[in-house]
Amino acid sequence: MSPKIEQFKDLARQAQKDLFDQSHPIGRLSLVQCAMLGGGTVVTISLAGSLFFSISPTAADHKVLLYLLFTIAPFAIVSPLLGPLIDRSRGARRFMVVASAVGQVVLCPLMATHIHSLLLFPLAFLVLVCQKLYLVTKGALVPEMAALTAPDEHGEQAGYAPINARLTLLGTLAGFVASVPAVILYKLGGSPAVLVFATIVFVGAAVAGARLPVPTGRTGDRLWTDEATRVREYGQAGEARAREQDLLRLQPMANPEVMLGLTAMCIVRGLTGFMTFMLAFGLRRMKGVGLWWYGLVLAGSGIGAIVGLMLVGRLRKRMTEQQLLLSSLWLIAATAAGCAVWGTLLAQVVLAFMVGLCGAVAQPSFDAMTQRFIPLSAQGRAFARFGMRQQLVWVVGSLIPVIVAFTLPQGDATMAVLAALGGLSYVSGRRAAHAPRMVRGIGDIRDVRDLGDVGEAGR
């Protein structure tokens, strides 16, 4: 465990360095991440009594269905309506971050006033829209902030996957930190007091968002003419319109790596939703299972996620993002198969740990692929559409154990089969996509390969 602890310390140390060094763009984005995700956690705690703890076992199914639909709906607004606005201009992403924070500054006091009325639900929905808008915008901001940040003492440019992992870790820790005063306020003053606290947090997020830099000069021209972030242009220069149509069909730049990676990531997300509700309903149907087993499963998933974030940076030095995605699917398949044979409650804790770990490794890896292979001027729309698809598959995976009553070993075996099929599909798809292509305007034949981060692509 000693090397793993040292790796986690390194990740936490670098994340802390990012957060407290506000002279660099990555540091400013880290502060925004902490404020936005910490505020989101506070809002969730304020709604816990009315939205989550009120679900009874006898009426859970239809409430779970409504909850799942509720999680998809914000993407239905962000993807087609707000996604294109993120890419409209160089300063649009900073504006969207500030707008999402200011929107929650306005909505949280209104929720506190109408906490016991039906108006709470549309207000909570708008808060979710603001949160999804920030998450989509953050994904598109990472390449900008990385390009504007100077190389480290070794002369290396920050990699996308490690940056995504550090931002996720900071957001997770910020949620834990913000939950302590939020829980205290909930006990003392109820949901309205917690929502007032959330308002203060989002004011800080708006101020932090306004401090994000906007790419200007040669750096901005280089980024927004897609010279540093695009990986390949297929066909002749006159086919720009066709490539834009490909993006609108969720096929940006007709790049197979992005689409295959999206499929693999969707499978990981769907398996996560499947496991979450399979365990929730499976443990509830078992007699004599105490509430502490739920706690163990949640703790296993959370610890696995932290370990996964800890490993991303080190693994990325030895493996490509594509290999990390594939390894996540194989690990889930092997673990689920073993747990199906093991068949104990402790096996479910192990499975939750491994799924949390694999999800934490896969998501930053896919985000890095998106940030590298898709032109910067199209990443807002791409992240919005990709987020919508991932959330939709998560909901589909979650619905299966709600409709079908699996035993725990049966659910584990189903997960193993789905993950294995996903891994095989990803391998075969990448092999088919790696045929050499003639690249016009470059003058040579190259495979569709990972060209590295912004600095390497620029070279």
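- When all heavy atoms of Val393 and Cys266 are compared, the closest pair comes out as CG1-O, 3.1 Å.
- The two residues Ser46 and Leu195 have their closest heavy-atom pair at OG-CD2, 3.2 Å.
- The SG atom of Cys130 lies 11.5 Å from the CG atom of Leu135; values are rounded to the nearest 0.5 Å.
- For Val97, the side-chain contact (heavy atoms from CB on, under 4.5 Å) partners are Val32, Tyr134, Thr137, Leu141, Leu212, not counting sequence neighbours.
- From Ser327, atom OG reaches atom CG of Leu315 across 8.0 Å, with rounding to the nearest 0.5 Å.
- Summarising the geometry, atom CG belonging to Leu185 is positioned 11.0 Å from atom OG belonging to Ser191; distances are rounded to the nearest 0.5 Å.
- The side-chain contact (heavy atoms from CB on, under 4.5 Å) search around Gln323 returns Met319, Thr320, not counting sequence neighbours.
- The CD1 atom of Ile306 sits 12.0 Å away from the CG atom of Leu311 when rounded to the nearest 0.5 Å.
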Could you tabulate the donor-acceptor pairs under 3.5 Å formed by side-chain atoms of residues 168-178, not counting sequence neighbours?
{"residue": "Thr168", "atom": "OG1", "partner": "Asn164", "partner atom": "O", "Å": "2.8"}
{"residue": "Thr172", "atom": "OG1", "partner": "Thr168", "partner atom": "O", "Å": "2.9"}

Just list the side-chain donor-acceptor pairs under 3.5 Å for residues 334-363, sequence neighbours left out, or say none.
{"residue": "Thr335", "atom": "OG1", "partner": "Leu331", "partner atom": "O", "Å": "2.8"}
{"residue": "Trp342", "atom": "NE1", "partner": "Thr344", "partner atom": "OG1", "Å": "3.3"}
{"residue": "Thr344", "atom": "OG1", "partner": "Ala347", "partner atom": "N", "Å": "3.3"}
{"residue": "Gln348", "atom": "NE2", "partner": "Thr344", "partner atom": "O", "Å": "3.4"}
{"residue": "Gln348", "atom": "NE2", "partner": "Asp412", "partner atom": "OD2", "Å": "2.9"}
{"residue": "Gln363", "atom": "NE2", "partner": "Asp367", "partner atom": "OD1", "Å": "3.1"}

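- Residues satisfying the ring-ring contact (aromatic ring centres under 6.0 Å, His included) test with Tyr426, not counting sequence neighbours, are none.
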Ignoring hydrogens and angles, write down the donor-acceptor pairs under 3.5 Å from the side chains of residues 270-279, residues two or more places apart or on other chains.
{"residue": "Thr272", "atom": "OG1", "partner": "Val268", "partner atom": "O", "Å": "2.9"}
{"residue": "Thr276", "atom": "OG1", "partner": "Thr272", "partner atom": "O", "Å": "2.8"}

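- With a 4.5 Å cut-off on side-chain heavy atoms, Val194 and Val42 count as touching.
- Taking CZ of Arg431 as the reference point, atom OG of Ser428 lies at 8.5 Å (rounded to 0.5 Å).
- Nearest heavy atom pair, residue Pro364 against residue Leu309, reads CG-CD2, 4.4 Å.
- At least one side-chain heavy atom of Gln104 sits under 4.5 Å from a side-chain heavy atom of Gln131.
- Shown here are the side chain to side chain donor-acceptor pair (under 3.5 Å) partners of Gln14, two or more places apart in sequence or in another chain: Asp18.
- Across all non-hydrogen atoms, the minimal contact from Arg269 to Trp394 is O-CD1, 3.2 Å.
- Counting only residues at least two apart or in different chains, ring pair (Phe, Tyr, Trp, His ring centres under 6.0 Å) contacts with residues 308-339 are absent.
- Of all heavy-atom pairs spanning Ala419 and Ile332, the tightest one is CB-CG2, 4.0 Å.
- Pairs engaging residues 401-410 under the side chain to side chain donor-acceptor pair (under 3.5 Å) rule: Thr407-Gln410 [sequence neighbours left out].
- Residues Arg166 and Ala15 approach most closely at CD-N, 3.7 Å, considering heavy atoms.
- Looking at Thr370 and Leu262, their side chains never come closer than 4.5 Å, going by heavy atoms from C-beta outward.
- Ile45 has its side chain within reach of Val183: a pair of non-hydrogen atoms, C-beta onward, lies under 4.5 Å apart.
- Residues Arg372 and Glu257 are not paired through a salt bridge, judged by the lack of any N-O separation under 4.0 Å between the basic side chain and the carboxylate.
- Taking CE from Met415 and CG from Leu418, the interatomic distance works out to 8.5 Å, rounded to the nearest 0.5 Å.
- Leu167 has its side chain within reach of Ser30: a pair of non-hydrogen atoms, C-beta onward, lies under 4.5 Å apart.
- In this structure Phe197 satisfies the ring-ring contact (aromatic ring centres under 6.0 Å, His included) test with no other residue, sequence neighbours excluded.
- Annotation: side chain of Met265 is not in contact with side chain of Phe386 (no heavy-atom distance under 4.5 Å).
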